[in-house]
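Scroll down for the structure; my scribbles are underneath it.
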Number of protein chains: 2
Amino acid sequence: MQLVPAILQGAGPARRRALAKAITLLESTRADHRAQADALLTTLLPHTGRSLRLGISGVPGVGKSTFIEALGLFLIERGHRVAVLAVDPSSTVSGGSILGDKTRMERLSMDERAYIRPSPSSGTLGGVAEKTREALLVCEAAGYDVVIVETVGVGQSETAVAGMTDMYCLLQLPNAGDDLQAIKKGVMELADLVLINKADIDPAAATRAQAQITSSLRLLGLHHRPDHVAHDPAQWQAQVLPLSALKGEGIERFWAAVSSFKASQEARGRFAEKRRQQSLAWMWERIRADLEHRFQHAPAVQAVLSETTERVLQGQLAPSTAARELLTRFLGDPSHA
Amino acid sequence: MQLVPAILQGAGPARRRALAKAITLLESTRADHRAQADALLTTLLPHTGRSLRLGISGVPGVGKSTFIEALGLFLIERGHRVAVLAVDPSSTVSGGSILGDKTRMERLSMDERAYIRPSPSSGTLGGVAEKTREALLVCEAAGYDVVIVETVGVGQSETAVAGMTDMYCLLQLPNAGDDLQAIKKGVMELADLVLINKADIDPAAATRAQAQITSSLRLLGLHHRPDHVAHDPAQWQAQVLPLSALKGEGIERFWAAVSSFKASQEARGRFAEKRRQQSLAWMWERIRADLEHRFQHAPAVQAVLSETTERVLQGQLAPSTAARELLTRFLGDPSHA
């Protein structure tokens, strides 16, 4: 596979082209492409892992692209190579609402030291997230040392992005109720850092929001949710920082916070451990999603699924009995398993 | 099966004994018992559905049993027959922390018009919830017209109970931060009604909590989460009521709110529709859980699972590749499916 040397050692535009080609291969739904993609991933794997993986989330209009462009330009000026990927569940319907148009980050996308890839649109959030996880690994093999994964606050994409990055940052506006929405959706507790964007427009509101969110985070931190690997309040108290992405104010302070987070995680052995746990969680997530997909599309199940569903809806069959009957059709008698 | 006539037409203690025996059968893990239980459920199913299913949730110490006993006594005095079931995920570890001891509801448990059953302890929350769902159906067939399902705020049991009841009520204390915890856990948005217990101890704090929670519910209601069937803020704005379970104050007002909720749901055709959606969600939940269980215990998977897991943790195998390899061992080549 000639892609491998081009990704690992290629120079300039040739390397970017090989990278783009590899990601297109990963996104293909053809079975022979998938086999090639798996072989490619396994070959590249020893060369991955040497980037900082940064998740950036926020609702539409919060200023994500402005922030990411400003951050990307800041980083390449300091010698970094920056890749920007996206997980956009709405892209499966609309054909992509974030990063579909590269002109959104015009200056960054023209720079040879940056690579911007729009969200894949492969049917389900699980599919989109999986392609992005794999693309992230290929970007690392191609020498990008900061990989930014952007997501919009739709569906459960925030959880997916927090589960594939080293540090997860939430962009907020200084609006009343926004923090409550983030808490409700469980996004706030995923956050390693909360950024209050557009702080220049109304500094007083930004200060109020900062105090409010800091207090919420402290109250939430009292009860640690043990089933989530991404956030560990005992070891890192999430910070809240004001920012003006448009004016470029606060970028340097943000990067200092990122560096300090990374150092703190590494000192505690948490950095590598979190990645190990993320890998395992990713494996199980794919197993669960694929099992359900295979179940739903199995001919033995499809033959009776709509009739069984109807009997459950009509109250003629208990849901648990229906589940057992369908599973027996799919896998055989469980008592022989 | 002699249980069926005893459940459907039996009188007094004989009926309660048959009910208890049927639930024990449902809870059995023996394959032949399971087949009998499925047959029993299918036979009883046409006689189910005629109760009001009420979920009561709240953290330990909030006064759930005191409230349920007061409510139960209030209801049987008015001619109702009341069954109390429980979903306690901690019971799988500790052997039962709620309802394990019937003396917790001493007066109610001694009354012939009430039936109290402790939480099953069958290994996983899914298993516990499934047994309780099935027990609920049997209680309905036995003529109980109010079934209360109690749960403690541990794990995801609140979601499970909201998914099996017509109305889900959250018991809170008037403490700062408690509402934030409930919002964080997504319990607040499940609630059709929030009760502030022990309101007699500090009426001013209860009033403050009522205002705070009402305001939170209004803000949360702005964004309706479409994937959840249990709560529909467009059609019912969740109420917040003060209560003193110990003094029996507020029980009558609570029951009036329950009746008004039911009437409002029925008038909009929501009552039956919600049960239909709950049945379907229950079926899929069981399918997913059982698929994963069968996968994990399949000999072909077990033979390589720990080695594959280790290779993923060591970064030698991409998690998505590992998932595909394991699935092929379990189900065969997906390209032939």
Side-chain angles (χ1 to χ4, degrees), chain A residues 31 34 38 41-42 45-46 48-49 130 133-134 137 155 176-177 180-181 183-186 188-189 216 219-220 222-223 225 275-276 279-288 290-292 294-295 297-298 308-309 312-313 315-324 326-327 330-331 334-335 337, chain B residues 31 34 38 41-42 45-46 48-49 130 133-134 137 176-177 180-181 183-186 188-189 216 219-220 222-223 225 227 275-276 279-288 290-292 294-295 297-298 308-309 312-313 315-324 326-327 330-331 334-335 337:
Chain A
R34 189 62 250 174
D38 275 336
L41 275 178
T42 305
L45 216 53
T48 64
E130 163 131 315
R133 282 176 188 275
E134 292 181 342
L137 295 175
L180 211 57
Q181 290 300 327
I183 293 169
K184 168 193 167 189
K185 292 179 66 200
M188 190 68 89
E189 70 170 328
S216 298
L219 281 164
L220 292 174
L222 296 174
H223 297 247
R225 214 176 75 180
R275 286 191 173 180
R276 285 161 54 92
S279 291
L280 211 54
W282 174 14
M283 181 182 90
W284 280 105
E285 192 187 304
R286 292 319 302 161
I287 289 172
R288 284 184 200 106
D290 287 3
L291 273 177
E292 187 175 339
R294 297 279 291 274
F295 176 87
H297 293 82
T308 303
T309 301
V312 169
L313 286 175
Q316 294 160 359
L317 190 63
S320 45
T321 309
R324 277 185 283 274
L326 290 171
L327 282 160
F330 183 54
L331 294 174
S335 54
Chain B
R34 189 63 251 174
D38 275 335
L41 274 178
T42 305
L45 215 54
T48 65
E130 163 133 318
R133 282 176 189 273
E134 293 182 342
L137 294 175
L180 209 58
Q181 290 299 328
I183 293 168
K184 169 194 167 187
K185 292 180 65 197
M188 190 69 87
E189 69 170 329
S216 298
L219 281 165
L220 292 175
L222 296 174
H223 297 245
R225 214 177 76 180
D227 57 348
R275 285 190 173 181
R276 285 161 53 92
S279 291
L280 211 54
W282 173 14
M283 181 182 89
W284 280 106
E285 191 187 304
R286 292 318 302 159
I287 288 171
R288 285 185 200 105
D290 285 3
L291 273 176
E292 188 177 337
R294 297 279 291 274
F295 175 87
H297 293 80
T308 303
T309 302
V312 168
L313 287 174
Q316 294 159 0
L317 191 63
S320 44
T321 309
R324 278 184 283 273
L326 290 171
L327 283 160
F330 183 54
L331 293 175
S335 54

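Fair warning: this is a prediction, and the values are worked out from it, not measured in the lab. Computed over heavy atoms, backbone and side chain alike; hydrogens, waters and symmetry mates excluded. Numbers restart at 1 for each chain; the letters A, B, ... are given by sequence-line order, proteins then strands.
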> Can you tell me how far the CG atom of Leu331(B) sits from the CZ atom of Phe295(A), to the nearest 0.5 Å?
Replying inline: 11.5 Å
> Can you name the residues that form a side chain to side chain donor-acceptor pair (under 3.5 Å) with Arg34(B), not counting sequence neighbours?
Replying inline: Asp38(B), Glu134(B)
>> Once side chain to side chain donor-acceptor pair (under 3.5 Å) is applied, do any residues pair with Asp290(A), and if so which ones, sequence neighbours excluded?
In response: Arg286(A)
> Which atoms form the tightest heavy-atom contact between Met283(B) and Ala323(A), and what is the distance?
Replying inline: O-CB, 3.7 Å
> Who among Thr309(B), Leu291(B), Val312(B), Leu326(B) has the most heavy-atom pairs with chain A under 4.5 Å?
Replying inline: Leu291(B)
> Which atoms form the tightest heavy-atom contact between Ala318(A) and Leu41(B), and what is the distance?
Replying inline: CB-CD1, 4.1 Å
>> Using heavy-atom distances under 4.5 Å, tell me whether Leu313(A) contacts chain B through its side chain, its backbone, both, or neither.
In response: both
> So which of Thr321(B), Leu317(B), Thr48(B) has the largest heavy-atom pair count under 4.5 angstrom toward chain A?
Replying inline: Thr321(B)
> How far does CD1 of Ile287(A) sit from CD of Glu292(B), to the nearest 0.5 angstrom?
Replying inline: 8.0 Å
